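Chain A is the first sequence line, chain B the second, and so forth, proteins listed ahead of strands; every chain is numbered from 1. Everything numeric here is computed off the predicted structure, so don't read it as measured data.
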Amino acid sequence: LISCNAAISRFAKQGRRGEAFALFFRMQDEQLRPNRVTFLSLLKAFTSPRDFESGKRVHDLIFERCLEADVRVGTALICMYFRCGSPQDAHRVFSGIQERDIILWNAMIEGYCVAGLRGRALEMFRQMRIAGIEPDMATFLSILKSCNGTAYLDEGKQLHNVIIESGFELSVRVQSALVGMYSKCGSLVDARRVFDKLPRKDVSLWTTMIAGYAQAGHGNEAFELFQAMRDAGMQPNKMTFLALLKACTRPEFLQKGKWLHSRIQLAGYDSDEKVGTALINTYCKCRSLVDARKVFDDLRTKNVITWTALIAGYSHNGRAEEALDLYEQMQREGVQPN
RNA sequence: ACCGAGCCGUAGAAAAU
């Protein structure tokens, strides 16, 4: 049983949901009875709306086993339903759980935040306080994430104060979320103020600040920070490069983009789907379609986003024929347009 | 025989249109 659980857990975490599911059924053919851990592991395999039906089937089995009201299984179910796009089902599970701990409340708050249902998230937060449960770091991280537009700057600042009072502001993770919040709310000055105060910065924090500049079109600041990051002895990772590529999506940054490309190759990230797509996008926005095409042709795996990046590149540069050819080739290779 | 290893709920940065 433990071996099966371990394998299911691995498959689920690697996104191999078919194999996870198959093993789940096979173990039962061999008279092994799934336990709580089996379900907790399996539920991680369902990650998007297309998995909704499968997730529901597992929910039925959990229900039959009377595990639905168990707070840990319930939390995993709730997260599954949010990932599969059904806040309603998530809330239904929540209603059936009596013993509500902080993790359960956090899962609801996080789910609503990610779904863009800020109001419901804040309502959950209020109810949680009424139930006598104090917010923890995860609670604040979720709510910070939902302050993602200029309209939320004031609210974000208030929240920042609450976080300071609560003592969680010392965590680098919270700091990173604060920097991200201020960036998304359009206040790079506040973001930078938080960033500069920190003596110990990790890669995510550097990347968040770089992404803030990149997103706002401040490419030079992004690269200055990248230099400072390396001077501080930090190794950039995939996320850092993705943020920097975003900063190069203007013709003036073509040379910077090429330089980055070579660093990406050195670091071995050039075969990554997302990095590859970002490279294609960068070259397209710099109007260097030949370079974009070269990256595209060298990619081993392409998804609809990869194809769209290049198709859009051709379109925006008046190359309708190539765009249409590519569109047809995409379908011949079995990728559905969205 | 002894020793060791393996599964378990929320939480910061990420691509096109």
Contact residues, residues 73-87 of chain A to RNA chain B [heavy atom, < 4.0 Å]: T75(A), A76(A), C79(A)
With a 4.0 Å heavy-atom cut-off, tell me which residues in residues 13-34 of chain A come close to RNA chain B, sorted by residue number. K13(A)
Report the residues that fulfil ring-ring contact (aromatic ring centres under 6.0 Å, His included) with F253(A), sequence neighbours left out, ordered by chain and then residue number. none
For F24(A), ring-ring contact (aromatic ring centres under 6.0 Å, His included) partners two or more places apart: F39(A)
Atom [atom1] of [X] and atom [atom2] of [N]: how far apart are they, to the nearest Å?
X       : N      : atom1 : atom2 : answer
I103(A) : C8(B)  : CD1   : C1'   : 12 Å
F11(A)  : C7(B)  : CZ    : C1'   : 13 Å
M128(A) : U10(B) : CE    : P     : 17 Å
L1(A)   : C8(B)  : CG    : P     : 13 Å
L67(A)  : C8(B)  : CG    : C1'   : 13 Å

Any N/O pairs under 3.5 Å between the protein and nucleotides 3-6 of chain B? List them or say none.
{"unit_1": "G6(B)", "atom_1": "N2", "unit_2": "S3(A)", "atom_2": "OG", "d": "2.8"}

Using OP1 and OP2 only, check whether a side-chain N or O of S9(A) sits under 4.0 Å from C8(B). yes
Using distance alone, with no hydrogens and no angle criterion, decide if [X] and [Y] have a side-chain donor and acceptor under 3.5 Å apart.
X       : Y       : value
S176(A) : T208(A) : yes
T277(A) : T306(A) : yes
Y81(A)  : H91(A)  : no

Selection [range] - residue pairs positive for salt bridge (charged side-chain N to carboxylate O under 4.0 Å, His left out), sequence neighbours left out:
range                       : result
residues 156-177 of chain A : K157(A)-D190(A)
residues 67-88 of chain A   : R36(A)-D70(A)
residues 99-114 of chain A  : E110(A)-K145(A)

side-chain hydrogen bond (donor to acceptor under 3.5 Å, both in side chains), that's the test. Do T139(A) and D136(A) meet it? Break it down for me. CA-CA 5 Å; T139(A) 322; D136(A) 68 3; 2.9 Å; yes
Sequence neighbours left out, what pairs pass side chain to side chain donor-acceptor pair (under 3.5 Å) with at least one residue falling in residues 18-32 of chain A? R16(A)-E19(A)
With sugar-phosphate taken as primed atoms, P, OP1 and OP2 and all else as base, the protein-contact string of nucleotides 12-17 of chain B at under 4.0 Å (heavy atoms; B, S, -) is BBBBBS
Sequence neighbours left out, what passes side-chain contact (heavy atoms from CB on, under 4.5 Å) with E321(A)? Give chain and number order. none
Pair R293(A) + E322(A): basic N to acidic O under 4.0 Å: no
For residues 230-242 of chain A, dump all side-chain donor-acceptor pairs below 3.5 Å to protein atoms at least two apart in sequence or in another chain.
{"unit_1": "R230(A)", "atom_1": "NH2", "unit_2": "Q227(A)", "atom_2": "OE1", "d": "2.8"}
{"unit_1": "D231(A)", "atom_1": "OD1", "unit_2": "Q227(A)", "atom_2": "NE2", "d": "3.0"}
{"unit_1": "N237(A)", "atom_1": "OD1", "unit_2": "M239(A)", "atom_2": "N", "d": "3.0"}
{"unit_1": "N237(A)", "atom_1": "OD1", "unit_2": "T240(A)", "atom_2": "N", "d": "3.2"}
{"unit_1": "N237(A)", "atom_1": "OD1", "unit_2": "T240(A)", "atom_2": "OG1", "d": "3.0"}
{"unit_1": "K238(A)", "atom_1": "NZ", "unit_2": "D272(A)", "atom_2": "OD1", "d": "3.0"}
{"unit_1": "T240(A)", "atom_1": "OG1", "unit_2": "T207(A)", "atom_2": "OG1", "d": "3.0"}
{"unit_1": "T240(A)", "atom_1": "OG1", "unit_2": "N237(A)", "atom_2": "N", "d": "3.0"}
{"unit_1": "T240(A)", "atom_1": "OG1", "unit_2": "N237(A)", "atom_2": "O", "d": "3.4"}

